[in-house]
Peer 1: 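Below: one structure in structure tokens.
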Amino acid sequence: MKKHLSYLTFIIVILSLSFLACESNVDTYSEFIEDGEILYIGTPDTVLIEHGFNKLKFNVVINADPKISKGVLQSKDGSIDHEFDVIRENSGQDITSFILDIEQGEYNFDVFLKDNNGNQSIKREVLATSYGSNYQASLLNRGISGMNASQDNVVIDWSAPNDGVVSTVITYTNSGGVEQTIDVPNDTNQTIIEDYVLNGEFEVASTYRPTTTSFELFSAIPSGYNFPRGYLLDKSVIAPLRLDFDASDGCYGSSYDRLLDGSTGAFWHSCDTAEDSYPFVMSFDMSVPVNLTQFKLDQRSGCCGDRSPANMQFWGTNDITLGATTVDIDAGDLAAWEADASSKGWTKIDAFDGNSDYTFTEELQDGAEKYQYIRLVFVSAINGGGTANFDELTFWGN
């Protein structure tokens, strides 16, 4: 008997709780329908964003609900409230798009759809970034890793493009005064320009796509360059003069020819003589008068690069037929040799001090005069010793 009473009591409790719950649900539901039933329309399925310069393109994917007539884009902070029309082209799922001019920055939006009676969908949250002048200012143009000129052309070697670069353009003025542009695709590592002006200006500008969904490209602020002031001089027509008191062909199998053979690996090495030891002089016939603009020395391969010059001078003349032989540079101090060279028609083109690079390229100052005969005065070594060795000499001029 007690067992049956306990079961009956349990049933009564459950029924009582169920009645109270139903009563509570009715009360809660009544709150929502107090002003009438709310009608919701289809929520945006997806919102896809494309990027432009200070603008965003919104592509709102809508479902087949025929009541949808408008949409609203609102920023969370209330600063943007943009309504757009929904014009269907398909009876089922469709896409409606619009472009919004907007300052660069990061945004948090709500997008919802409406019908003509003011009913609206549930809001869909959308995060977006707008790109503008600050992003553009951060873009870097594709770099130039090297540039070599000849009488026929200039060759530009390119560094690898940065991530996001779509293409690069060179803009320059040719020898006829006409502006030219050359496209440089990302897979191009070298550009050859045949009709150029020595020391002429040119610009490099790369375009970027900030995202894969960008509908506009962003151009980096152009970088300005100059073509080389001179072209690479043909070593095959440069000949050693071997004037009095000049350095010899050297020792350990070396010779002047090794200095102009166009390759490194075979060095010139001084002999243990005053003429070959720092300070010493080498003289060359360039075959035609040139305005020397650049000089390069390659260190001895694999050994003793600190025997390259720290201090050096460049001299030129166009007449060695009479009185051009200077005094022995080892017979007095450097100032006395310079005075003697000047008195015999040699002109000091340029000089540098304090070089510490074993292999180096030196830009020489602009000069109005062109000289056929060039003297190199090796004043002192990087290590301060008297022994000299290096692989190759290279000249640029015009």
Side-chain angles (χ1 to χ4, degrees), residues 232-288 290 292 294-321 323-332 334 337-338 340-341 344 346 349 351-352 355 358-362 371-397:
L232 183 65
L233 299 180
D234 184 359
K235 294 184 181 183
S236 68
V237 299
I238 301 174
L241 284 175
R242 295 186 177 88
L243 298 177
D244 291 345
F245 309 117
D246 277 2
S248 71
D249 262 349
C251 290
Y252 307 102
S254 63
S255 69
Y256 272 46
D257 293 337
R258 288 185 172 186
L259 295 174
L260 301 168
D261 64 4
S263 64
T264 57
F267 57 84
W268 177 88
H269 194 293
S270 61
C271 296
D272 189 17
T273 62
E275 287 78 13
D276 285 6
S277 302
Y278 283 101
F280 62 93
V281 181
M282 289 181 169
S283 306
F284 298 92
D285 181 355
M286 312 304 286
S287 77
V288 294
V290 298
L292 204 61
Q294 194 177 52
F295 170 78
K296 180 182 179 183
L297 179 145
D298 286 283
Q299 71 180 85
R300 177 183 173 183
S301 302
C303 175
C304 317
D306 58 357
R307 294 173 180 172
S308 293
N311 304 327
M312 196 170 171
Q313 296 181 357
F314 302 82
W315 292 71
T317 188
N318 285 313
D319 186 5
I320 59 171
T321 59
T325 299
T326 56
V327 296
D328 186 353
I329 197 171
D330 298 305
L334 181 60
W337 186 91
E338 291 180 1
D340 182 67
K344 293 176 178 177
W346 291 92
I349 299 171
F352 65 81
N355 171 59
Y358 299 167
T359 293
F360 62 89
T361 300
E362 185 71 21
Y371 301 103
Q372 180 172 342
Y373 308 105
I374 301 295
R375 302 199 85 177
L376 308 180
V377 181
F378 296 81
V379 179
S380 62
I382 293 174
N383 65 9
T387 302
N389 54 221
F390 35 83
D391 275 2
E392 192 76 10
L393 303 180
T394 307
F395 302 89
W396 287 262

Peer 1: How close do Gly265 and Ser301 get, counting heavy atoms only, and between which atoms?
Peer 2: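 For Gly265 versus Ser301, the nearest heavy atoms are N-OG, 3.5 Å.
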
Peer 1: Can you give me the closest heavy-atom contact between Pro279 and Ile329, atom names plus distance?
Peer 2: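 Heavy atoms of Pro279 and Ile329 come nearest at O-CG2, 3.5 Å.
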
Peer 1: Looking at every non-hydrogen atom in both residues, tell me the closest pair between Ser270 and Cys251 and how far apart they are.
Peer 2: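 Looking at all heavy atoms of both residues, the shortest contact is O-CB, 4.2 Å.
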
Peer 1: Is the backbone N or O of Val327 less than 3.5 Å from a side-chain atom of Asp340, with the two atoms forming a donor-acceptor pair by type?
Peer 2: yes

Peer 1: With rounding to the nearest 0.5 angstrom, report the CD1 to CG distance, Ile374 to Leu241.
Peer 2: 10.0 Å

Peer 1: Would you say the side chains of Ser283 and Asp246 form a donor-acceptor pair under 3.5 Å?
Peer 2: yes

Peer 1: Mind checking whether Phe295 and Phe314 have parallel, tilted or perpendicular rings, split at 30° and 60°?
Peer 2: perpendicular

Peer 1: For the atom pair OG1 (Thr325) and CG (Asp244), what is the distance rounded to the nearest 0.5 Å?
Peer 2: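 If we round to the nearest 0.5 Å, Thr325:OG1 and Asp244:CG are 4.5 Å apart.
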
Peer 1: List the steps, then state whether side chain to side chain donor-acceptor pair (under 3.5 Å) holds for Asp319 with Thr317.
Peer 2: CA-CA 6 Å; Asp319 186 5; Thr317 188; over 6 Å; no

Peer 1: Testing Phe267, Phe378, Tyr358 one by one against Phe390 for a ring pair (Phe, Tyr, Trp, His ring centres under 6.0 Å), which residue passes?
Peer 2: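 The option that passes is Phe378.
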
Peer 1: Could you check whether any side-chain heavy atom of Ile320 comes within less than 4.5 Å of a side-chain heavy atom of Asp285, counting everything from C-beta outward?
Peer 2: no

Peer 1: How long is the straight-line distance from CE of Met312 back to CZ of Phe360, given to the nearest 0.5 Å?
Peer 2: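 Reported value, rounded in 0.5 Å steps: 5.5 Å.
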
Peer 1: Do Arg375 and Thr326 meet the criterion of a side-chain donor-acceptor pair at a distance under 3.5 Å?
Peer 2: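 Checked: Arg375/Thr326 side chains pair up, N/O donor to acceptor below 3.5 Å.
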
Peer 1: Answer yes or no: is there a donor N or O on one side and an acceptor on the other, between the side chain of Asp298 and the main chain of Thr359, under 3.5 Å?
Peer 2: no

Peer 1: Under 3.5 Å, side chain of Asn355 to main-chain N/O of Ile382, donor-acceptor pair present?
Peer 2: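 Checking the backbone N and O of Ile382 against the side chain of Asn355, no donor-acceptor pair under 3.5 Å is found.
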
Peer 1: Against Glu392, only a single residue in Lys235, Arg300, Gln299 fulfils side-chain hydrogen bond (donor to acceptor under 3.5 Å, both in side chains); can you say which?
Peer 2: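 That would be Lys235.
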
Peer 1: Check whether Asp276 reaches the backbone of Ala247 with its side chain - one donor and one acceptor, N or O, closer than 3.5 Å.
Peer 2: no

Peer 1: If only atom types and distance count, is the side chain of Asp391 paired as donor or acceptor with the main-chain N or O of Thr264 below 3.5 Å?
Peer 2: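 Not a single qualifying donor-acceptor pair exists.
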
Peer 1: Verify side-chain contact (heavy atoms from CB on, under 4.5 Å) between Trp268 and Asp257, making sure each step is shown before the conclusion.
Peer 2: CA-CA 9 Å; Trp268 177 88; Asp257 293 337; over 6 Å; no

Peer 1: When rounded to the nearest 0.5 angstrom, what is the spacing between CD1 in Ile238 and CZ in Phe284?
Peer 2: 8.0 Å

Peer 1: What pair of heavy atoms forms the shortest contact from Asn389 to Arg307, and how long is it?
Peer 2: OD1-NH1, 2.8 Å

Peer 1: Counting N and O atoms only, with roles assigned by atom type, does the side chain of Asp306 sit under 3.5 Å from a partner on the main chain of Asn383, one being a donor and the other an acceptor?
Peer 2: no

Peer 1: Does any donor atom in the side chain of Asn311 or Ser380 lie under 3.5 Å from an acceptor atom in the other side chain?
Peer 2: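 Checked: Asn311/Ser380 side chains pair up, N/O donor to acceptor below 3.5 Å.
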
